[in-house]
2 protein chains.
Amino acid sequence: MRSSEPGTTGRRRVGRPSQLSQEAIIEAAQRIVDEEGDGSLSMRRLARELSITPMALYHHVRDRDQLLRLLLETKARNLPRPPMPDDPRERLTAAAQLLYDVLAECPFLGEILASEDLMTASCLWVIEAVLEAALACGFTLEEAVGLYRAIAHYTGGELLIRLTRERHLAHLDHPPYRARALAALQPQTHPRLCALADHWPALTSRDTHRAGLQALLEGFFQSPDRSGPQAPAAPA
Amino acid sequence: MRSSEPGTTGRRRVGRPSQLSQEAIIEAAQRIVDEEGDGSLSMRRLARELSITPMALYHHVRDRDQLLRLLLETKARNLPRPPMPDDPRERLTAAAQLLYDVLAECPFLGEILASEDLMTASCLWVIEAVLEAALACGFTLEEAVGLYRAIAHYTGGELLIRLTRERHLAHLDHPPYRARALAALQPQTHPRLCALADHWPALTSRDTHRAGLQALLEGFFQSPDRSGPQAPAAPA
DNA sequence: ACCTGAACACCGTTCAAGT
DNA sequence: ACCTGAACACCGTTCAAGT
């Protein structure tokens with residue numbers, strides 16, 4: 001009822017620092033994620049970091065899901081808000097890039113996507129920016145939502161796959177399974193993959209985010225019949 | 001060394017059925033995932049399903065990651081291979097749809113992406129099909145890889161977000177946090193999102209995979225300078 | 001109000017032993 | 001070769017109790 005999460009951060013007592021606060025918890029969680037990577041962030045590990053009992057955490061945070069949400073919140077809130085270009089089309093690109101930027105700072109993105117979605121309070125201004133730019137480009141409200149969703153899917157997928165890749169490169173205990181699969185390829189059945197096998201790591205480690213994003217946007221601008229039945233913009 | 005995973009399934013003894021086999025394990029795992037959803041698939045739960053000790057599993061499967069890979073393998077191997085259209089452009093769409101289809105059958109996609117990538121043996125023919133079609137469309141090898149990657153990112157992101165959505169709708173203990181966030185929106189700061197708030201669930205539950213995919217492909221066909229520096233197709 | 005201790009119901013995986 | 005039992009080092013979370 002008074003879950004207090006969406007709006008302001010809530011009242012802050014001024015008495016003594018009271019040791020443990022939501023802010024301190026988030027900061028410690030951030031530190032763990034940054035230094036040991038996502039996956040090391042457990043409630044118990046976090047409690048150890050703060051030299052408290054695991055259960056003390058639950059007094060400031062509902063559960064692990066809320067903790068992850070709060071981490072994303074802080075990233076989104078602290079994201080610098082660069083001036084937006086005047087040209088609508090460029091503004092759309094810039095807004096999409098903003099979404100990429102905030103998610104790129106979240107190594108726990110996979111867990112966020114697995115348990116929540118991106119509609120968390122402090123992210124909304126980024127989504128709003130995408131919608132605004134899309135509308136300024138002449139899209140209808142519904143088309144703008146479709147465009148936002150396509151951008152979010154593309155961005156989320158790219159980051160997730162990139163994060164996984166980097167995690168693997170970091171660990172590199174055993175060379176990835178992919179290498180064995182590629183090595184066992186037969187030219188008769190997989191001619192193009194065989195031709196590419198040696199270049200695959202190099203080709204797939206490139207950052208092609210912007211190229212793909214531009215293509216996606218370009219496609220939306222090109223097709224006049226983007227979403228099938230042109231429903232009216234504001235249904236009753 | 002003789003890890004035997006990429007190639008054939010390996011020799012099969014004919015003596016007695018020997019009770020436990022990799023096939024039986026995979027089948028049971030599939031059953032658990034289908035009936036109780038991903039997340040219920042633990043080694044211990046799987047052992048219970050098969051009425052054996054958890055450790056018996058490790059005699060047929062290296063670890064949980066390999067199990068997930070094998071699940072994806074089976075899905076990919078059993079994916080029907082529809083006849084491909086003659087037109088290269090349509091073939092590209094069909095191949096991309098194939099990738100979507102195989103991943104759509106994997107509720108454990110999130111865990112796959114978190115620990116492996118999609119380059120598992122039986123998936124390769126789908127990737128090969130995408131590359132083939134892209135080359136037939138006139139793209140260079142490198143451009144084809146970029147195109148494949150964009151498709152994979154878009155597809156992975158879409159499915160992951162859709163899976164999460166459905167999981168939430170299934171559980172629906174507490175209404176999603178998103179609802180609270182949307183309700184607390186202020187029209188001054190988020191006018192377009194406010195205007196959309198009521199329609200958001202309906203708009204975001206639509207299946208817009210094909211529309212977005214078409215836009216993405218369209219964009220790649222439109223831009224002549226897709227990937228910046230036009231490197232030669234086959235470097236030494 | 002804020003924190004602790006003990007407990008519940010789980011995990012993946014290793015190691016030594018059984019047949 | 002194939003499986004079991006016991007153990008290790010973890011999880012998130014609840015519940016009752018302390019101050």
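Quick caveat, the model's predicted, so the values are computed rather than measured. Letters go in sequence order (proteins before strands), and every chain restarts at 1.
Here A/Glu111 does not pair with A/Arg69 in a salt bridge; the nearest charged N to carboxylate O distance is not below 4.0 Å. Taking the charged nitrogens against the carboxylate oxygens, A/Glu35 and A/Arg31 have no contact shorter than 4.0 Å, which rules out a salt bridge.
Whole-Å rounding puts the A/Met55 CE to D/dC15 C1' distance at 9 Å. Taking atom CG of residue A/Leu57 and atom P of nucleotide D/dG12, one finds them 10 Å apart after rounding to whole Å. A/Leu68 places its CG atom 10 Å from the P atom of D/dG12, with the value rounded to the nearest Å. As rounded to whole Å, 17 Å separates atom P of D/dA9 from atom CZ of A/Arg45. Between the OH atom of B/Tyr58 and the P atom of C/dC15 there is a distance of 13 Å, given to the nearest Å. Rounded to a whole Å, the CZ atom of B/Arg44 is 16 Å from the C1' atom of D/dC3. Look at CD on B/Glu111: it is 12 Å from C1' on C/dG12, rounded to the nearest Å. Rounded to a whole Å, the NE2 atom of B/His59 is 16 Å from the P atom of C/dG18.
Set against D/dT4, C/dT4, C/dT13, the side chain of A/Ala56 has C/dT4 as its closest nucleotide.
C/dA1 and D/dA17 have their C1' atoms separated by 15 Å, with the value rounded to a whole Å. Comparing D/dC10 with C/dA9, their P atoms sit 22 Å apart, to the nearest whole Å.
Summarising the base pairing, C/dT14 is matched to D/dA6 through a Watson-Crick or G-U wobble pair whose two defining distances lie under 3.5 Å. C/dA1: Watson-Crick or G-U partner is D/dT19, with both key distances under 3.5 Å.
Note: B/Trp200 and A/Tyr148 have tilted aromatic rings, judged against thresholds of 30 and 60 degrees for the angle between ring planes. B/His153 and A/Tyr154 have tilted rings, their planes meeting at an angle from 30° to 60° on a 0 to 90° scale.
If you check every strand for non-hydrogen atoms under 4.0 Å, A/Met43 touches sugar and phosphate atoms only. Within 4.0 Å of B/Arg64, counting heavy atoms only, lie sugar-phosphate atoms of the nucleic acid but no base atom.
The structure places OG1 of A/Thr204 at 12.5 Å from CZ of A/Arg162, a figure rounded to the nearest 0.5 Å.
At least one side-chain nitrogen or oxygen of B/Arg48 sits closer than 4.0 Å to the OP1 or OP2 atom of C/dC11. Within the 4.0 Å cut-off from OP1 or OP2 of C/dC3, at least one side-chain nitrogen or oxygen of A/His60 is found. Between A/Thr53 and the phosphate of C/dC3, there is no side-chain N or O to OP1/OP2 separation shorter than 4.0 Å.
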